[in-house]
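The block underneath contains the structure these notes are about, expressed in structure tokens.
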Amino acid sequence: MGHPTIAAGAAFILMVLASTASAHGIAGKRVFPTTLTIDDPAVSDEASLPTITHVRHGATGDDPANRQTDITGEWDKRITEHFGAAVNYGYTTIDRVGQSGASGFSNLNTTLKYEFLQNAPHELLMSAGVTRSWGGTGAQRVGASPIGSTTPTLYFGKGFGDLPDGASWLKPFAITGTFSYQFADVRTRSTTAIDPDTGISSLMFANNPNQLVMGLSVQYSTPYLQANIRDLGLPDFLRRITPLVEFAYTTPATGGSGQNTVGTIAPGFIYSANSYQIGVEALIPATRASGTNVGFIAQAHFFFDDIFPKSLGRPLFGD
């Protein structure tokens with residue numbers, strides 16, 4: 001899900017192909033794990049408690065002047081078997097050496113998502129949704145925007161299990177991704193700046209561009225390898241590991257007053273147990289505007305349909 005702040009407000013339902021939805025993101029023999037920096041294509045009963053992100057915003061890798069830590073929680077709930085909602089909220093702390101720090105809540109994000117395709121033979125999942133970032137619900141001192149946004153999103157997941165038998169060692173590979181267009185509530189907003197020398201105030205304008213938001217993950221599932229290709233006799237811990245790399249980019253789609261494309265490359269792994277998963281990834285800047293410092297993201301994720309199958313793990317409507 002993500003660097004993830006997730007989403008919703010008003011939703012659209014994309015009725016295209018008949019499908020059978022499943023928790024955990026299952027398509028045939030493929031189980032798509034919940035990714036950390038981008039959202040996965042599944043509709044499910046799950047929770048990320050917590051996701052911890054730590055980054056530095058110095059001019060060099062040795063500059064300790066600005067360290068930011070985000071601690072977020074997310075709850076995903078199925079309303080029907082195919083349709084679900086998610087709520088994401090977090091707390092940010094910024095530490096500055098020799099200066100006062102800042103802390104406060106980030107903006108509330110909500111999501112509505114509809115899983116419209118599950119193709120078991122081709123290990124394919126697709127969903128559509130809409131994300132709502134509620135501007136002004138967080139603290140501006142930690143970077144929470146006073147301007148909200150709405151983001152329609154297409155999600156997909158594709159396993160390579162349908163490759164010919166001669167390519168059996170490639171079958172554990174899978175990709176997931178998102179493609180979004182973020183609409184800012186207000187494209188241009190005015191602010192008042194006061195000159196500290198003269199005390200004279202002046203009106204300034206800032207652009208809030210619409211954004212293209214794109215993400216991709218490339219995964220190699222050891223659980224899939226062990227169960228469907230060959231049992232290598234690995235220790236239990238390694239049998240449950242999925243190495244992966246996630247790519248996440250945001251670029252202005254309209255005039256952005258000098259704003260540039262920012263992104264991260266996030267290599268890491270996910271450990272999948274029966275009712276939870278643990279993920280850890282590095283956060284490597286992917287563009288000049290993203291900075292030069294490497295951070296990290298770690299997440300504990302729980303599957304409520306396994307933990308609470310008769311209560312929190314069931315859809316609100318339908319079996």
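Please read these numbers as outputs of a predicted model, since none were measured by experiment.
With R56 contributing its side chain and V294 its backbone, the two residues share no donor-acceptor pair below 3.5 Å. In terms of modelled atom types and a separation under 3.5 Å, the side chain of N88 and the main chain of N109 share no donor-acceptor contact. A donor-acceptor contact shorter than 3.5 Å is absent between the side chain of S44 and the backbone of E46. At least one donor-acceptor pair closer than 3.5 Å links the side chain of S106 to the backbone N or O of G90. No donor-acceptor pair under 3.5 Å is formed between the side chain of Q211 and the backbone N or O of A253.
Residues I241 and F269 have side chains in contact (heavy-atom distance under 4.5 Å, counting atoms from C-beta outward). Residues S103 and T92 form no side-chain contact, since every pair of their non-hydrogen atoms from C-beta on lies 4.5 Å or further apart. Under the 4.5 Å side-chain criterion, counting only non-hydrogen atoms from C-beta, I175 is in contact with F156. In this structure, the side chains of L244 and V218 stay at 4.5 Å or more apart for every pair of heavy atoms. No side-chain heavy atom of Q182 sits less than 4.5 Å from a side-chain heavy atom of P209. Within the 4.5 Å cutoff, no side-chain heavy atoms of K158 are placed close to those of L125.
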One pair to check against side chain to side chain contact (heavy atoms under 4.5 Å, CB included): I270 and Q219. What are the steps and the verdict?
CA-CA 10 Å; I270 292 172; Q219 314 168 6; over 6 Å; no

CA sep, side-chain torsions, deciding dist, call: Y89, F105, ring-ring contact (aromatic ring centres under 6.0 Å, His included):
CA-CA 8 Å; Y89 206 28; F105 286 97; 5.2 Å; yes

Apply side chain to side chain contact (heavy atoms under 4.5 Å, CB included) to the pair N274 and R240, showing each step before the final yes or no.
CA-CA 10 Å; N274 293 332; R240 296 175 177 270; 3.7 Å; yes

Under the criterion side chain to side chain contact (heavy atoms under 4.5 Å, CB included), I'd like the reasoning laid out for T150 against T131: C-alpha separation, chi angles, the key distance, then a yes or no.
CA-CA 6 Å; T150 301; T131 291; over 6 Å; no

May I have the step-by-step check of ring-ring contact (aromatic ring centres under 6.0 Å, His included) for F183 and Y181, ending in yes or no?
CA-CA 7 Å; F183 296 92; Y181 192 91; 4.7 Å; yes

Criterion side chain to side chain contact (heavy atoms under 4.5 Å, CB included) on R78 and F83, from CA distance to verdict
CA-CA 6 Å; R78 285 181 296 170; F83 181 62; over 6 Å; no

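Here the shortest heavy-atom pairing between G84 and V43 reads N-CG1, 3.5 Å. Closest heavy-atom contact between P172 and Y224: CA-CD2, 3.7 Å. The two atoms that bring A86 and D76 nearest to each other are CB-OD2, 3.4 Å, heavy atoms only. Of all the heavy atoms in P121 and N119, the pair that sits closest is CD-OD1, 3.1 Å. The two residues E123 and G161 have their closest heavy-atom pair at OE1-N, 3.0 Å. Minimum interatomic distance between A174 and G159 (heavy atoms only, all atoms of both residues): CB-CA, 3.9 Å.
Here the OG1-CD1 distance, from T222 to I229, works out to 12.0 Å after rounding to the nearest 0.5 Å. Separating the CG atom in N228 from the CG atom in D231 is a distance of 11.5 Å, to the nearest 0.5 Å. The line from CG of L316 to CZ of R314 is 10.5 Å long, rounded to the nearest 0.5 Å. Note: Y155 OH to M126 CE = 12.5 Å, rounded to the nearest 0.5 Å. Expressed to the nearest 0.5 Å, how far CG of L283 lies from NE2 of H54 amounts to 10.5 Å. Taking CD1 of I278 as the start and OG of S272 as the end, the distance is 10.0 Å to the nearest 0.5 Å.
Using a 4.5 Å cut-off between side-chain heavy atoms of Ile, Leu, Val, Met, Phe, Trp and Tyr, with links allowed through other members, I284 and I52 fall into different hydrophobic clusters. Under the 4.5 Å side-chain heavy-atom criterion for Ile, Leu, Val, Met, Phe, Trp and Tyr, Y271 and F296 are members of distinct hydrophobic clusters. Using a 4.5 Å cut-off between side-chain heavy atoms of Ile, Leu, Val, Met, Phe, Trp and Tyr, with links allowed through other members, V55 and V262 fall into different hydrophobic clusters. Put simply, L108 and Y91 are part of the same group of oily side chains (I, L, V, M, F, W, Y) that touch within less than 4.5 Å, one to the next. Cluster membership for V213 and F247, using ILVMFWY side-chain heavy atoms within less than 4.5 angstrom, is not shared.
Looking only at atom types and distance, the side chain of S217 has no donor-acceptor partner in the side chain of E246 under 3.5 Å away. Checking Q68 against D70 by side-chain atom types alone, a donor-acceptor pair falls below 3.5 Å. Using modelled atom types and a 3.5 Å distance limit, the side chains of S180 and T153 yield a donor-acceptor pair. In this model, no donor atom of one side chain and acceptor atom of the other lie less than 3.5 Å apart for N210 and T254. In summary, the side chains of T261 and Y249 do not present any donor paired with an acceptor at a separation below 3.5 Å, with no hydrogens or angles considered.
Remark: Y276 OH is loosely packed, at most 12 non-hydrogen atoms of other residues, nucleotides or ligands lying under 6.0 Å away. Under a cut-off of 6.0 angstrom, the local environment of CG in D165 is sparse, with at most 12 non-hydrogen atoms contributed by other residues, nucleotides or ligands.
Note on ring orientation: taking the six-membered ring where Trp is involved, the planes of F308 and F304 are perpendicular (angle over 60°, cut-offs 30° and 60°).
Using a 4.0 Å cut-off between charged nitrogen and carboxylate oxygen, K113 and D39 count as a salt-bridge pair. Between K171 and D162 there is no salt bridge, since no side-chain nitrogen of the basic residue lies less than 4.0 Å from a carboxylate oxygen of the acidic one. With respect to the salt-bridge test (charged N to carboxylate O, under 4.0 angstrom), the residues D45 and K77 qualify. A salt bridge links D185 and R132; the closest N-O separation between the charged side-chain nitrogens and carboxylate oxygens is under 4.0 Å.
A side chain to side chain contact (heavy atoms under 4.5 Å, CB included) with Q299 is found for one member of T51, L49, T53 and no other, namely T51.
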